[in-house]
S.K.: 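The structure that follows is given in the form of structure tokens.
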Amino acid sequence: MTPMVQADRVCKNFGAVQVLKGISLQVERGNVTCLIGPSGSGKSTFLRCINHLERVDAGRLYVDGTLVGYAERGGKLHELHPREAAKQRRDIGMVFQHFNLFPHRTALANVVEAPVLVKKKRRSEATERARELLDRVGLADKADAYPAQLSGGQQQRVAIARALAMEPKLMLFDEPTSALDPELVGEVLSVMKDLAKGGMTMIVVTHEMGFAREVADQLVFMDRGVVVEAGDPRALLANPQHERTKTFLSNLL
């Protein structure tokens, strides 16, 4: 079967700084891949390249067999019109470190908005689905609450419901618990575990090693724009092969 994500020697520069230096990675359908590594290693940039929030400077990225952000004609890549790139992005849900909810809209309205405006769903249908998703993330009783009335963990769960409302084939999580108080982390990870059990393909940038050990099918350690080491999470965490990985994990675990 075609992998859900296929990265082939992906490079990304910000001016003279090369942030990604030829990332090659494969994520199978229904699997969870966790990306770990120090700040500045390129994890979040790679995630943003997958849905073309950042353009790649070299290499190719495919989601579900389709080239992301570009069309290939005559052996050359041509960047898609922003409207076409946005169409591709509809199938990729993304949850950020900071929740990015609309502060003037209720939890329910935050979840309803994109399916109505982007997918042109009937508001009644989108509202029914949004209530189901809020129930799924344990917030059925918070549908009419505004973000300021919710804890950080509740806001992040609304953000997950909002992403799911677009019926994505792939979910990207960019350090979804790092902005939360420690006692709120578990409620967000619990929702993510349920998504994994349901077969959602996920790529998660995280420092939660317990989550990676328990849930991930693949653990990828990145440093300075390259994949240093990748493999089975339990094996890699217990017995890393690369000295850089050993150093990083010894400071973390």
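Only this structure's heavy atoms are used, side chains among them; waters, hydrogens and symmetry mates stay out. If you're wondering where the values come from, they're calculated on a predicted model, not measured in any experiment.
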S.K.: Below 4.5 Å, heavy atoms only, C-beta onward: do Glu28 and Asp217 meet side chain to side chain?
M.R.: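 They are not in side-chain contact.
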S.K.: Would you give the length of the straight line joining atom SG of Cys34 to atom CD1 of Ile36, rounded to the nearest 0.5 angstrom?
M.R.: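 The distance works out to 8.5 Å.
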S.K.: Looking at Gln149, I'd like to know if its CD atom is crowded, meaning that more than 12 non-hydrogen atoms belonging to other residues, nucleotides or ligands lie closer than 6.0 Å.
M.R.: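 Yes, the 6.0 Å shell around CD holds more than 12 heavy atoms from other groups.
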S.K.: Would you give the length of the straight line joining atom CD of Gln97 to atom CG of Leu180, rounded to the nearest 0.5 angstrom?
M.R.: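 Between atom CD of Gln97 and atom CG of Leu180 there are 9.0 Å.
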S.K.: For the CG atom of Leu164 and the CD atom of Glu132, what is their distance to the nearest 0.5 Å?
M.R.: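 If I round to the nearest 0.5 Å, the distance is 12.0 Å.
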S.K.: Specify the closest pair of heavy atoms between Phe173 and Leu47, including all atoms of both residues, with the distance to one decimal.
M.R.: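 Shortest heavy-atom contact: O-CD2, 3.4 Å.
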S.K.: Take Val32 and Glu214 through the side-chain contact (heavy atoms from CB on, under 4.5 Å) test and state the conclusion after the steps.
M.R.: CA-CA 11 Å; Val32 177; Glu214 180 183 349; over 6 Å; no
S.K.: Within a reach of under 6.0 Å around CZ of Arg123, are more than 12 heavy atoms found that belong to other residues, nucleotides or ligands?
M.R.: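 No, not enclosed.
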S.K.: Would a single hydrophobic cluster contain both Tyr62 and Tyr70, if residues Ile, Leu, Val, Met, Phe, Trp and Tyr are joined by side-chain heavy-atom contacts under 4.5 Å?
M.R.: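 Looking at the clustering, Tyr62 is in the same group as Tyr70.
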S.K.: Please name the residue in the list Glu187, Arg131, Arg157 that meets the side-chain contact (heavy atoms from CB on, under 4.5 Å) test with Leu139.
M.R.: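 For Leu139, the side-chain contact (heavy atoms from CB on, under 4.5 Å) test succeeds with only one of Glu187, Arg131, Arg157, which is Arg157.
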S.K.: Stepwise, does the side-chain contact (heavy atoms from CB on, under 4.5 Å) test hold for Lys142 with Leu134?
M.R.: CA-CA 8 Å; Lys142 299 294 184 181; Leu134 287 174; over 6 Å; no
S.K.: Are Val185 and Met209 connected into the same hydrophobic cluster when the rule is that any two of I, L, V, M, F, W, Y join if their side-chain heavy atoms are below 4.5 Å apart?
M.R.: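 Different hydrophobic clusters.
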S.K.: Is there a donor-acceptor pair closer than 3.5 Å between any side-chain N or O of Gln155 and the backbone N or O of Phe99?
M.R.: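 Checking the backbone N and O of Phe99 against the side chain of Gln155, no donor-acceptor pair under 3.5 Å is found.
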S.K.: Enter the distance from Asp64:CG to Lys169:NZ here, rounded to the nearest 0.5 Å.
M.R.: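 Going from CG on Asp64 over to NZ on Lys169, the span is 3.5 Å.
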S.K.: Quick check: does any side chain N or O of Glu229 sit under 3.5 Å from a backbone N or O of Gln241, one acting as donor and the other as acceptor?
M.R.: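 Such a contact is found between Glu229 side chain and Gln241 backbone.
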S.K.: Within the 4.5 Å heavy-atom criterion, are Ile92 and Pro168 side-chain neighbours or not?
M.R.: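 When only atoms from C-beta onward are counted, Pro168 and Ile92 do not touch, as no gap falls below 4.5 Å.
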S.K.: To the nearest 0.5 Å, how far apart are CZ in Phe96 and CG in Leu172?
M.R.: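 Here the rounded value is 9.0 Å.
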S.K.: CZ of Arg90: more than 12 outside heavy atoms within 6.0 angstrom?
M.R.: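 Atom CZ in Arg90 is packed in, count exceeds 12.
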S.K.: Is Asp232 reaching over with its side chain to a backbone N or O of Arg234, donor-acceptor style, under 3.5 angstrom?
M.R.: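 Present.
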S.K.: Please check if the side chain of Ser190 supplies one atom and the backbone of Gly186 the other of a donor-acceptor pair under 3.5 Å.
M.R.: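 Side chain of Ser190 to backbone of Gly186: no pair is present.
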S.K.: Ignoring hydrogens, what is the shortest heavy-atom contact between Pro103 and Tyr146? Give both atom names and the distance.
M.R.: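 Result for this residue pair: O-CD2, 3.8 Å.
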S.K.: May I ask you to test the Pro176-Ile160 pair for a side-chain heavy-atom distance under 4.5 Å?
M.R.: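 With C-beta onward as the side chain, the pair stays apart.
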S.K.: side-chain contact (heavy atoms from CB on, under 4.5 Å) for Met94 and Ile50? Distances and angles first, verdict last.
M.R.: CA-CA 10 Å; Met94 188 158 184; Ile50 292 174; over 6 Å; no
S.K.: Between Val112 and Pro115, what is the shortest heavy-atom contact and its length?
M.R.: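 Taking Val112 first and Pro115 second, the nearest heavy atoms are O-CD, 3.1 Å.
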S.K.: Hydrophobic clustering (ILVMFWY, side-chain heavy atoms < 4.5 Å, transitive) - are Met202 and Val227 grouped together?
M.R.: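 Val227 does not cluster with Met202.
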S.K.: Donor-acceptor check, side chain of Gln218 to backbone of Ala230, threshold 3.5 angstrom: yes or no?
M.R.: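 Side chain of Gln218 to backbone of Ala230: no pair is present.
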S.K.: Evaluate side-chain contact (heavy atoms from CB on, under 4.5 Å) for Leu189 paired with Thr206, printing each intermediate quantity in order.
M.R.: CA-CA 11 Å; Leu189 294 181; Thr206 186; 5.5 Å; no
S.K.: Does the plane of the ring in His207 sit parallel, tilted or perpendicular to the ring in Phe248? Use 30° and 60° as the thresholds.
M.R.: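 The arrangement is tilted - the two ring planes meet at 30° to 60°.
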S.K.: Do any N or O atoms from the side chain of Asp135 and from the backbone of Ala140 form a donor-acceptor pair under 3.5 angstrom?
M.R.: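 Here the side-chain-to-backbone pair does not exist.
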S.K.: Please report the closest heavy-atom contact between Leu249 and Pro240, naming both atoms and the distance.
M.R.: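 Between these two residues, the closest heavy atoms are CD1-CG, 4.1 Å.
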S.K.: For residues Phe211 and Val188, determine if any side-chain heavy atom of one lies less than 4.5 Å from a side-chain heavy atom of the other.
M.R.: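 The answer is no; the side chains never approach within 4.5 Å.
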S.K.: Check whether any side-chain N or O of Lys193 sits under 3.5 Å from a backbone N or O of Val215 as a donor-acceptor pair, and report yes or no.
M.R.: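 Side chain of Lys193 to backbone of Val215: no pair is present.
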S.K.: Can you get from Leu77 to Leu80 by hopping between Ile, Leu, Val, Met, Phe, Trp and Tyr side chains that sit under 4.5 Å apart?
M.R.: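 Hydrophobic grouping puts Leu77 apart from Leu80.
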S.K.: Got a second to check how far His98's NE2 is from Asp174's CG, nearest 0.5 Å?
M.R.: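 The distance works out to 9.5 Å.
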S.K.: Indicate the atoms forming the closest heavy-atom contact of Ala130 with Leu108, along with that distance.
M.R.: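 Nearest heavy atoms, Ala130 then Leu108: CB-CD1, 3.7 Å.
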S.K.: Just by distance, do the side chain of Glu175 and the backbone of Val204 share a donor-acceptor pair under 3.5 Å?
M.R.: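 No, the answer is negative, given that no donor and acceptor are paired below the 3.5 Å cut-off.
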S.K.: Using a 6.0 Å cut-off, check whether atom CZ of Arg9 has over 12 heavy atoms from anything other than its own residue.
M.R.: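 Atom CZ in Arg9 is not crowded, with 12 or fewer foreign heavy atoms closer than 6.0 Å.
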S.K.: Indicate yes or no: at least one non-hydrogen side-chain atom of Leu101 is less than 4.5 angstrom from one of Arg162.
M.R.: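 The answer is yes; the side chains approach within 4.5 Å.
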S.K.: I'd like to know if Glu167 and Lys121 make a salt bridge, using a cut-off of under 4.0 Å between side-chain N and carboxylate O.
M.R.: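 A salt bridge is present here (some side-chain N lies under 4.0 Å from a carboxylate O).
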S.K.: Using a strict threshold of under 4.0 Å (side-chain N to carboxylate O), is an ion pair present between Glu84 and Lys87?
M.R.: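 Answer for the salt bridge query: yes.
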S.K.: Could you name each residue pair satisfying salt bridge (charged side-chain N to carboxylate O under 4.0 Å, His left out) that touches residues 47-62, not counting sequence neighbours?
M.R.: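 Of all non-adjacent pairs touching residues 47-62, those that pass salt bridge (charged side-chain N to carboxylate O under 4.0 Å, His left out) are Lys12-Glu54, Arg48-Glu54, Arg55-Glu79, Arg60-Glu72.
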S.K.: Any chance CZ of Arg29 has more than 12 other-residue heavy atoms, nucleotides or ligands included, within less than 6.0 Å?
M.R.: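 Above 12, so yes.
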S.K.: Just wondering, do Val68 and Val56 contact through their side chains at under 4.5 Å, heavy atoms?
M.R.: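 SC-SC contact between Val56 and Val68 ruled out.
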S.K.: Val27 and Met192: same hydrophobic cluster, using ILVMFWY side-chain contacts below 4.5 Å?
M.R.: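 Shared cluster, no.
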S.K.: Taking the side chain as C-beta and beyond, is there a heavy-atom pair between Met222 and Ile23 under 4.5 Å?
M.R.: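 Result yes, sub-4.5 Å side-chain heavy-atom pair found.
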S.K.: State, with a plain yes or no, whether a side-chain heavy atom of Val63 is found less than 4.5 Å away from one of Gln88.
M.R.: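 No - every pair of side-chain heavy atoms lies 4.5 Å or more apart.
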S.K.: For a quick test of reading the model, state the closest non-hydrogen atom pair linking Ala159 to Val95 and the distance between them.
M.R.: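 Reported closest heavy-atom pair: O-CG2, 4.2 Å.
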